Undergrad: 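Got a structure for you, written out below as structure tokens; questions coming shortly.
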There are 2 protein chains.
Amino acid sequence: MDREKQHEGQQDSRRLADLLTNDDVVYSATQIFDALSDFTRFQILSALMMGEKSVSELQIVCNVSQSAISHQLRLLRDRGLVTARRDGQRVIYSLADEHVATLICVGLEHAAEPERPSEE
Amino acid sequence: MDREKQHEGQQDSRRLADLLTNDDVVYSATQIFDALSDFTRFQILSALMMGEKSVSELQIVCNVSQSAISHQLRLLRDRGLVTARRDGQRVIYSLADEHVATLICVGLEHAAEPERPSEE
DNA sequence: TGAACACATGAACAGATGCTCATAAGTTGG
DNA sequence: CCAACTTATGAGCATCTGTTCATGTGTTCA
């Protein structure tokens, strides 16, 4: 009842301008986009969007070596995008941030649109 | 044919799953995120979000060499994210895709938010 | 205890990336 | 045409990145 998301009005562009002049915020944003800019990482994150998964499950999804998955998971962990918990021999990963799911959805929708100029 | 929004949730995740299995769409999405993952390119795109700008104007915003700006603009042009038109000696760039603006906004908002582990 | 399984990590390497320098190309006014 | 201005481009280079290989760590079960 206090703060609902109302994404309309011109106070938004005011806030936007503030964020754009904050280099730390901008850099932080680029880091998020960077996490999503790699094919393997994108597959990992989008797979986790469907629900938590072990490393070996992610390996099947991404079709790369277990080592490659682990390295990328480490990067995602370090950036706070995923969290890990042990379950016996396995380690279960899940998304740490709902924001990532939102970005994936938006990115996918836009990538799927025919408006894309593509090559001629 | 009027039952469009019965269960938007299910429909959405269905469509989402379809997109996620399409490697071309996924790759296309990663390319968009890649464009936003660099500090200079992010500055260019967010500056253009405020309105069209010439190369020299963008140079001031980004505080790097004119050559660096041009190189990045070429990349963004090749990926269809910006368009260019001549105006006398200058070349005016503008965003070719409003999707980019959406992503920038979402990314900035999320980057600016304090870490909130639990929600709902 | 030890073998098998699941995951993490360090080193190393090929390829990608983003910058600068130098210079070319396009435009306008003299 | 030429000079000044604006932008584009190619080469070179240092750095970053994502992968594989080999090995280390941690867990389960016989």
Side-chain angles (χ1 to χ4, degrees), chain A residues 23 26-48 51-96, chain B residues 23 26-48 51-96:
Chain A
D23 276 8
V26 169
Y27 179 75
S28 191
T30 61
Q31 286 299 98
I32 293 178
F33 289 121
D34 180 69
L36 290 160
S37 69
D38 175 71
F39 197 84
T40 299
R41 284 196 299 269
F42 190 95
Q43 284 186 310
I44 291 175
L45 292 170
S46 53
L48 293 182
E52 55 180 24
K53 285 184 174 51
S54 69
V55 177
S56 48
E57 286 175 314
L58 290 172
Q59 182 180 353
I60 295 173
V61 172
C62 300
N63 197 35
V64 295
S65 74
Q66 176 266 316
S67 179
I69 295 285
S70 264
H71 279 295
Q72 297 292 15
L73 283 173
R74 173 163 173 73
L75 184 149
L76 294 173
R77 251 186 302 140
D78 289 347
R79 294 193 186 174
L81 298 182
V82 302
T83 56
R85 74 164 208 275
R86 250 205 191 274
D87 177 32
Q89 293 177 332
R90 311 196 166 191
V91 177
I92 311 295
Y93 281 84
S94 37
L95 283 190
Chain B
D23 275 9
V26 169
Y27 179 75
S28 191
T30 62
Q31 287 299 98
I32 294 178
F33 289 122
D34 181 69
L36 290 160
S37 69
D38 175 70
F39 197 84
T40 299
R41 284 195 298 270
F42 190 96
Q43 284 188 310
I44 290 175
L45 292 170
S46 54
L48 294 182
E52 57 180 22
K53 284 184 174 51
S54 69
V55 176
S56 48
E57 286 175 315
L58 290 172
Q59 182 180 352
I60 295 173
V61 172
C62 299
N63 198 33
V64 295
S65 75
Q66 176 266 317
S67 179
I69 294 285
S70 262
H71 279 295
Q72 296 294 13
L73 283 173
R74 173 165 172 73
L75 184 149
L76 294 174
R77 252 187 301 139
D78 289 346
R79 294 192 187 175
L81 298 182
V82 302
T83 56
R85 74 163 207 276
R86 254 208 185 271
D87 177 32
Q89 293 177 333
R90 310 196 166 192
V91 177
I92 311 296
Y93 281 82
S94 38
L95 283 191

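Nothing here was measured: the structure is a model prediction, and the numbers come from that model. All heavy atoms count here, side chains included; hydrogens, waters and symmetry mates do not. Chain identifiers are assigned alphabetically (A, B, ...) following the order of the sequence lines, protein sequences preceding nucleic acid strands; residue numbering begins at 1 within each chain.
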Undergrad: With side-chain contact (heavy atoms from CB on, under 4.5 Å) as the criterion, how do Ser94(A) and Thr83(A) come out once you've worked through the C-alpha distance, each side chain's angles and the decisive distance to 0.1 Å?
TA: CA-CA 5 Å; Ser94(A) 37; Thr83(A) 56; 3.4 Å; yes
Undergrad: Just say parallel, tilted or perpendicular for the rings of Phe33(A) and Phe33(B), cut-offs at 30° and 60°.
TA: parallel
Undergrad: Which heavy atom of Lys53(B) sits nearest to which heavy atom of Ala47(B), and what is that distance?
TA: NZ-O, 3.4 Å
Undergrad: To the nearest Å, how far apart are Asp87(B) CG and dT6(D) P?
TA: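 Taking atom P of dT6(D) as the reference, CG of Asp87(B) is at 13 Å.
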Undergrad: Can you find a donor-acceptor pair, distance only, under 3.5 Å between Ser67(A) side chain and dT19(D) base?
TA: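 No.
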Undergrad: Write down the distance between CZ (Arg86(B)) and P (dT6(D)), rounded to a whole number of angstrom.
TA: 12 Å
Undergrad: Rounded to the Å, how far apart are Arg90(B) CZ and dA4(D) P?
TA: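 So the CZ-P distance, Arg90(B) to dA4(D), works out to 18 Å.
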Undergrad: Classify the side chain of Gln89(B) versus the base of dT27(C) as yes if they form a donor-acceptor pair under 3.5 Å and no if they do not.
TA: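 Under the 3.5 Å cut-off, the side chain and the base do form a donor-acceptor pair.
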Undergrad: Would you kindly give the CD-to-P distance between Gln72(A) and dC7(C), to the nearest whole Å?
TA: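 Nearest whole value for this atom pair: 16 Å.
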Undergrad: At less than 4.0 Å, is any side-chain N or O atom of Ser70(A) found next to OP1 or OP2 of dC7(C)? Yes or no.
TA: no
Undergrad: Is the shortest side-chain N/O distance from Tyr93(B) to OP1 or OP2 of dT6(D) below 4.0 Å?
TA: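 So the side-chain polar atoms of Tyr93(B) never come under 4.0 Å of the phosphate oxygens OP1 or OP2 of dT6(D).
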Undergrad: When you compare the ring of His71(A) with the six-membered ring of dT9(C)'s base, are the centres less than 5.5 Å apart and the planes under 30° from each other?
TA: yes
Undergrad: Applying a 4.0 Å non-hydrogen cut-off, can you work out what Gln66(B) is touching in the nucleic acid: base, sugar-phosphate, or nothing?
TA: base
Undergrad: Any idea which heavy atoms bring Arg79(A) and Ala35(A) closest together, and the distance?
TA: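 Reported closest heavy-atom pair: NH1-N, 3.8 Å.
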Undergrad: With heavy atoms under 4.0 Å as the rule, sort Phe39(B) into base, sugar-phosphate or nothing.
TA: nothing
Undergrad: For Ile69(B) and dC21(C), give me the distance from atom CD1 to atom C1', rounded to whole Å.
TA: 17 Å
Undergrad: dT7(D) P sits how many Å from Arg85(B) CZ, rounded?
TA: 12 Å
Undergrad: Could you check Ala68(B) against Ala68(A) and say which one's nearest nucleotide on DNA chain D is further toward the 5' end?
TA: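 Result of the comparison: Ala68(B).
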Undergrad: Find the distance Arg77(B):CZ to dT9(D):C1' and express it as a whole number of Å.
TA: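 It works out to 10 Å between those atoms.
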Undergrad: Would you kindly give the CD-to-C1' distance between Glu57(B) and dT6(D), to the nearest whole Å?
TA: 12 Å
Undergrad: Regarding Ser56(A), tell me which of base, sugar-phosphate or nothing describes its non-hydrogen contacts under 4.0 Å with the strands shown.
TA: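 The answer is sugar-phosphate, as Ser56(A) gets under 4.0 Å only of primed atoms, P, OP1 or OP2.
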Undergrad: Can you name the one residue among Leu73(A), Val82(A), Leu76(A) that meets side chain to side chain contact (heavy atoms under 4.5 Å, CB included) with Arg41(A)?
TA: Leu76(A)
Undergrad: Look at the side chain of Arg41(A) and decide which nucleotide, out of dT9(C), dG18(D), dA8(D), has an atom nearest to it.
TA: dG18(D)
